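Single-structure report; data block below.
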Protein chains: 2
Amino acid sequence: MARENKSRYALLGILSFHPMSGYDLKKQIEQTTNHFWHEDFAQIYPILKQLEAEGLTTSTVEKQEGRPERHIYALTEKGWGALRNWIAKPVSSQVRRNELLLKLFFADHVPVAVSIEHVQQFREFQLVLQEAFQRLKDSITQQHPVSKQSTYWLLTVNYGACVSQALINWCDDTLAQLGQLDDTTT
Amino acid sequence: MARENKSRYALLGILSFHPMSGYDLKKQIEQTTNHFWHEDFAQIYPILKQLEAEGLTTSTVEKQEGRPERHIYALTEKGWGALRNWIAKPVSSQVRRNELLLKLFFADHVPVAVSIEHVQQFREFQLVLQEAFQRLKDSITQQHPVSKQSTYWLLTVNYGACVSQALINWCDDTLAQLGQLDDTTT
DNA sequence: CGTGTCATGTAATCAGTTACATGATTCA
DNA sequence: TGAATCATGTAACTGATTACATGACACG
């Protein structure tokens, strides 16, 4: 089974909203899917060329004064088909790798204070995320009319908010447990 | 800043419990850290060679009849140092990529039923995980004496259980919302 | 007689990150 | 004057997955 490159579908998906350049794609991705998906220029530009070569997109050149040209990409019918087709396919299970848990799993070899620090850091980070999710929710509901698109978008934000809330609870529980461990016991 | 290979620390960490072969490492990882970390033979064997070349492990050969030799790796003092050092370092933030959310984000382009199916599948999967976590918890508490090691281990399992419970809640909430969308509205 | 386990590995490929390169404009 | 933004890209490297290769034994 060939590995399907998912980055290409991320790009096709964003292009489905409206035609834009690689530079715009990066910005759009940062503003919308950043909490669960991101792409780098070093992948975006080559993939865009590839998509065009495969007939999934077409491109036009916009000339500007004193600025580099903008290459505007738009979906073709074939591109739309590929996107819809991918969306409908079952989600392939993804790799979970969690460095915090890996360190905790081996935490026996270091003072408890180290793990407490890691978990506290992690908790801080989740709080920052919570705020970011709240701001994103607000901006979606304010700037966008109630539509299917905004509903789906909010669902992805809820996912993040839900998980980070659960993780904060886990942190509190964990910190309480770690507080009861001390370095003298086995 | 050079990327630090985390796989090597996973291997060093497992070896910290007791010396073993690459084959054993794979099995151990599957039995203990599987829900948040896994490694493949194609990475394990080359990394073991590398670790030995760097003096973090030593290896001895166990001959067997009618079976290939077993190469048993053990941590050196330097290996212990590298492991402890890594554990104490701050956790580097990790990439989040979530294909389900990516599909959901673009779900506007397909019938609502598609998304409902995806979310239901995901919910089923979380239920399976919940059961697996429960079994793992039971086996840890039954087979291992109460120790710091088992406490840390249980913390990692709690993490998974906690997140998957939150995700089940998110699924329920999401399914309710998707049920109210229909394909005629914008 | 086929599947699974034990036990090691290599080769090829794909994905992702970092660093490098260019060059104008705007803003503090 | 220096940093940030606009806008494109390439090269090198590291990480991870898949497929391939070998060969004996045990179990049903």
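Side chains are part of it too, since the values below use all heavy atoms of this structure and drop only hydrogens, waters and symmetry mates. Order of the sequence lines sets the chain letters (A, B, ...), proteins ahead of strands, with each chain counted from 1. Quick caveat: nothing in here was measured; it's all calculated off a predicted structure.
- Rounded to an integer number of Å, the gap from A:Y45 OH to C:dT22 C1' is 13 Å.
- Within 4.0 Å of B:R97, counting heavy atoms only, lie sugar-phosphate atoms of the nucleic acid but no base atom.
- A close approach under 4.0 Å does not occur between any side-chain nitrogen or oxygen of A:Y23 and OP1 or OP2 of D:dT8.
- Separating the CD atom of B:E39 from the P atom of D:dG15 is a distance of 11 Å, rounded to the nearest angstrom.
- Of the candidates D:dG15, D:dT10, C:dT8, the closest approach to any side-chain atom of B:N5 belongs to D:dG15.
- A donor-acceptor contact closer than 3.5 angstrom links the side chains of A:S92 and B:E99.
- Rounded to a whole Å, the CD atom of A:E62 is 13 Å from the C1' atom of D:dC6.
- Panel note: side chain A:H118, backbone A:A113; no donor-acceptor pair is recorded below 3.5 Å.
- A close approach under 4.0 Å does not occur between any side-chain nitrogen or oxygen of B:S7 and OP1 or OP2 of D:dG15.
- B:K6 has its NZ atom 11 Å from the P atom of C:dT17, to the nearest Å.
- Between A:K6 and A:E39 there is no salt bridge, since no side-chain N of the basic residue sits under 4.0 Å from a carboxylate O of the acidic one.
- Separating the CD atom of A:E52 from the C1' atom of D:dT8 is a distance of 15 Å, rounded to the nearest angstrom.
- For the pair A:Q31 CD and D:dT5 P, the interatomic distance rounds to 12 Å; values are reported in whole Å.
- Checking B:K49 against B:S59 by side-chain atom types alone, no donor-acceptor pair falls below 3.5 Å.
- Side-chain contact annotation: B:Q121 with B:E117, donor-acceptor N/O pair under 3.5 Å present.
- The nearest whole Å value for the distance from the CZ atom in A:F41 to the C1' atom in D:dC6 is 9 Å.
- Contact annotation: A:K49 side-chain N/O to D:dT10 OP1/OP2 distance is under 4.0 Å.
- Separating the CE atom of B:M20 from the C1' atom of C:dA7 is a distance of 15 Å, rounded to the nearest angstrom.
- Considering only the side chain of A:D40, C:dT18 comes nearest among C:dA15, C:dA11, C:dT18.
- Stem regions for DNA chain C, each three or more consecutive Watson-Crick or G-U pairs with both distances under 3.5 Å and listed by first number, read C:1-28 with D:1-28.
- Using modelled atom types, one finds no donor on one side chain facing an acceptor on the other under 3.5 Å when comparing B:Q28 with B:D24.
- Closest to the A:H71 side chain, of the nucleotides D:dT17, C:dT8, D:dG9, is D:dG9.
- The aromatic ring centres of A:Y23 and A:F41 sit less than 6.0 Å apart.
- In this structure, B:Q43 and B:P68 both approach DNA chain D, and ranking their closest nucleotides by distance from the 5' end singles out B:Q43.
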